[in-house]
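One structure is given below, encoded as C-alpha cells.
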Amino acid sequence: MDLFEYQGKELLRKFEVPVPEGRVATTPDEARTAAEGLGGKVVVKAQVQVGGRGKAGGIKLASSPEEAFSAAERILGMDIKGHVVKRVLIERAGAIESEYYLSFLLDRSERDVLGMMSAKGGIDIEEVAETDPDAIARVHIPPLLGISDFHARELVFGAGIDAAARKEAIAIIPTLYRAFIESDASLIEINPLVLMDTGRVVALDAKVTLDDSADYRHPYYSELRSAHEVPEQERLAKEKGLNFIKLQGDVGIIGNGAGLVMSTLDVVKAAGGNSANFLDVGGGAGAELLSNALEVITSDKAVKSVLVNIFGGITRCDLVAEGIIDAFGRLDMKVPVVVRLDGTNAEQGRKMLADAPHDLLIAEETMLGAAEKAVALAHQEAA
Amino acid sequence: MTILIGKDTKLVVQGLTGREGSFHAKRNQDYGTDLVAGVTPGKGGGDVSDTPVFDTVERAVSETGANTALVFVPPRFAADAILEAHDAGIEVIIAVTEGVPALDMARAVAHVRSSSNGVHLIGPNCPGVISPGVANIGIIPGEICSEGPVGLVSRSGTLTYQIVHELTQKGVGQSTCVGIGGDPIPGSNFIDILGLFEDDQDTELVVMVGEIGGDAEERAAEWSKANMTKPIVAYIAGLTAPEGKRMGHAGAIVSGSKGTAKAKIEALEGAGIRVGRNPTEVAEIVAEIKG
C-alpha cells in the first residue's frame, strides 16, 4: 500500500522523525484556515499516490492565507498522471540550506534492508544514480542484528553530508530504520531531507509503501487504506477477494496466479486482441470466488468476451467449473465465455462443463487456442 | 539424480491437519513421496490417514528421520515454522504459504543462510518442487510432469504448470521443477537453483521462467554467462502488463533496471539465452535444442 505524503509524515512523526508542521485540506477554504493557523509562508502540496507532482504544478508556495486559498483552488481537482487531487497538504515553509536524499527499502537481491543516502537530494535520484552513481552511499542492514550507529555514520560520511547537518542526520537514520521495521514498510524514501537555516534536519517529503501482508498486525493499516481512492469495480473485486485491475480492451480475463494471468494478457495481445482487465483469483479459489469473478468482469459493458484460463495446482478445476456453472445460472450472461482448464481435477471440471451445456460457454483445450477463440469472439461481438 | 528432492527424501508437512495441507500432502504421498510425519502444535499423538502427527518438528525429526519440510501453515506462523524446521535439522524447507510479511522472511532467510550446513529454503509463496517419477512436494500437479533431462526454475506458480505441461506434451521430460515463488524476499533465487542444475548430471538444459519486477532475471543472465555451461531457455511474463504506479525511485536505483519484461528479455538475450514469446514457444525452442 502506497501512502499519501501526509499519511507517511504522520507515520514518521509517530516515530519521532522530524517533519514540518502541516495540515490537510480538502477545500480552498480549509487551505486558507490551515495557512492562517500555521502563520507565515506556507507550501501547498497535492496529495497523490504517484511521483512527479512538482513538475505537474502540484506544489505551490503561498505567502498569505489568500494565496494558499487560490493555490489550493488550482491544485484541487488537478489530474496528475491519472490521479485526481482530492487533498492538499499545507505546510509551514522555511529557508532551506541544503537538500539530501535518504531511503530504506527491501533489497530483493541481497534479501535484506538497504539504506541509501546522497547529498544530491531534491532532484531526480534516478538521474543521479545514472550520471553520478558514487554520489549515492549504500549500506546493507543485517536483518537479524538491525541497525547500528556505524551504519548511519557510513551513510552520512559516505554521502558527504554537510558538517552542519551531520549530527542530526546521524540521529535520524536509526529512527527512520525503526519506523521502517516497526511499521512493516517495504520503502521509505525521503527526498529531500533538508537542512534548514535554523540548523534543524527535517523530512520535507515522504514516500512510504507498507507491506500489505503485514496487515493483520497493524490495525491502523485499514484506516490509512480508507483514504485511498480505488475505482468502483476494483473496490468491488477487492471486497470479493479478487486481485483486479481495469484495462482498456474488450476481452475479459480470469486466471489463477499473477504470472499466468500476465502471460494470458501477452497471449491475447499476440492474438490481435486487447484485455479488458487483469484478474487473478489467486491460489485455492473456490466456486463462489469464480462465480464472483465472472460477475465483476461481465458487469463491465466494454467486455465482449471472457477468457477463463485456469491451470490448477492448489486451485481445483472442479470447483472452478462449479463456479462457472453457478454464474451462468445466477447471472444474465450476455457475452461468450471461453474456458480452458488444466491441472488439478481438470478432467472432472471439463466433464462438469460438458454436462451443463450453454450457447455462450465454450471449452478450449489449449491456452493459445482459448486466447485466439476469445479474441475472435470479441471481434465478432464488436462488429 | 535430481536436485533438492529425491528418493531419500523423507517429508514432514507442517500444517498437515489443515484442509489444504491434508489435501496436497495426500496428493504428494500418492505420487510416491515418502511422507513420514505431520506437525501441528497441540495435535501430537494423532494421525492424518495413518501419517503420525507431532507437536514439534524436532520431535518429528527424531521419531521419523524426516529431512525435508513442507510448510503449509497460515502466513503469520510461516516464518516461525521455517525457523523451527531449520533448527530441527531439516535440510530442505519448501514454503508454500502465500502472504508472509516480507520482513519476517528477511529475518528467516538471513538465519537459514547464515547456517553452515547448507540448508535450502524454497519459497515462500511458491508451488513447491517436483522430481518427476521420484517425489513431489508442494502443489504442482504431478500428472503434468514427465521424467527427462530438463530442469525448470520459475518465479511463478501456475505459469510453471503451463510450461511444464507444454514440455511434457512435446515429449520433453523434466529432471526437477522448482518454483521459487514471487515474493520480495525469496529463500532461493534463480542463481541458487541454476547453480544446482549446473552441477546435476541428469540435467542437460534449464528452463527459467520469470516475470516483471525486480532484477532477479537480469542478475541470473549476468551470472549464467560466467557460470553456466548448460543451455538456458527463458520466458518472461508481462510484456503487455500495464505499468504499475510506482511512488519512490529507490527500487530502480538499487537494481539499475526498469524491471520491465522488455529489459529482462534484452538482458537474457544479451547473455546468449533464447527467450520464448509464449509458453508454447518455450517448449518448441527446448524441443529444437534437444533435437
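Letters A, B, ... mirror the listed sequences (proteins, then strands); counts begin at 1.
If you measure heavy-atom distances from B:Ile236 to chain A, the contacts under 4.5 Å come from the backbone alone. Interface remark: A:Thr344 contributes backbone and side-chain atoms alike to the contact with chain B (heavy atom separation under 4.5 Å). Contact of A:Val113 with chain B is made through the side chain alone, with heavy-atom distances under 4.5 Å. Both the backbone and the side chain of A:Leu265 come within contact range of chain B, with heavy atoms under 4.5 Å apart. Looking at A:Asp266, the atoms closer than 4.5 Å to chain B (heavy atoms on both sides) sit in the backbone and in the side chain alike. Proximity to chain A is limited to the side chain of B:Ile144, based on heavy atoms less than 4.5 angstrom apart. With a 4.5 angstrom heavy-atom cutoff, A:Asp184 touches chain B via backbone and side-chain atoms both. Proximity to chain A is limited to the backbone of B:Val100, based on heavy atoms less than 4.5 angstrom apart. Using a 4.5 Å cut-off between heavy atoms, B:Thr240 contacts chain A through both its backbone and its side chain. If you measure heavy-atom distances from A:Arg53 to chain B, you find no contacts under 4.5 Å at all. Heavy-atom distances place the backbone of A:Ala185, and not its side chain, under 4.5 Å from chain B. Using a 4.5 Å cut-off between heavy atoms, A:Ile310 does not touch chain B at all. When heavy atoms are compared at a cutoff of 4.5 Å, B:Pro127 does not approach chain A at all.
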Report the C-alpha separation of A:Ser109 and B:Asn189 in whole Å, then their side-chain angles, then the decisive distance to 0.1 Å, and conclude whether the side chain to side chain donor-acceptor pair (under 3.5 Å) test is met.
CA-CA 8 Å; A:Ser109 300; B:Asn189 59 27; over 6 Å; no
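Sparse packing is recorded around CD of A:Glu347, with 12 or fewer heavy atoms of other residues, nucleotides or ligands lying under 6.0 Å away. The 12-atom threshold is not exceeded at NZ of A:Lys269, counting heavy atoms of other residues, nucleotides or ligands nearer than 6.0 Å.
Using the six-membered ring where Trp is involved, B:Phe72 and B:His24 have ring planes that are parallel, under 30° apart on the 30 and 60° scheme.
Of the listed residues (A:Val268, A:Leu368, A:Asp212, A:Thr264), the one with the most heavy-atom contacts under 4.5 Å to chain B is A:Leu368. Here B:Pro141 is the residue among B:Ala216, B:Pro279, B:Pro141 with the most heavy-atom pairs under 4.5 Å with chain A. Your options are A:Asn256, A:Ile188, A:Thr315, A:Val267, and the one with the most heavy-atom pairs under 4.5 Å with chain B is A:Asn256. Listed options B:Val209, B:Leu239, B:Asn125 were ranked by heavy-atom pairs under 4.5 angstrom with chain A; first place goes to B:Leu239. In terms of non-hydrogen atom pairs under 4.5 Å with chain A, the most contact-rich of B:Glu98, B:Arg155, B:Arg107 is B:Arg107. Ranked by non-hydrogen atom pairs under 4.5 Å with chain A, the options B:Met105, B:Arg113, B:Glu211 are led by B:Arg113. The candidate with the highest count of non-hydrogen atom pairs below 4.5 Å against chain A, out of B:Gly99, B:Ala106, B:Ser156, B:Pro184, is B:Pro184.
Note: A:Met1 CE to A:Asp211 CG = 9.5 Å, rounded to the nearest 0.5 Å. Atoms CE and NE2, on A:Met116 and A:His140 in that order, are 9.5 Å from each other to the nearest 0.5 Å.
Under the 3.5 Å distance criterion, the side-chain polar atoms of B:Lys264 are matched with a main-chain donor or acceptor of B:Gly213. Judged by distance alone, the side chain of A:Arg217 and the main-chain N or O of A:Asp215 form no donor-acceptor pair under 3.5 Å.
Side-chain atoms of B:Gln174 and B:Thr168 form a donor-acceptor pair, as typed in the model, at a separation below 3.5 Å.
The salt bridge (Lys or Arg N to Asp or Glu O under 4.0 Å) pairs that include a residue from residues 13-30 of chain B are B:Lys26-B:Asp30, B:Arg27-B:Glu143, where partners are two or more places apart or lie in different chains.
Minimum interatomic distance between B:Ala79 and B:Asp104 (heavy atoms only, all atoms of both residues): CB-CB, 3.7 Å. Between B:Ala241 and B:Ile212, the shortest heavy-atom contact is CB-CD1, 3.6 Å.
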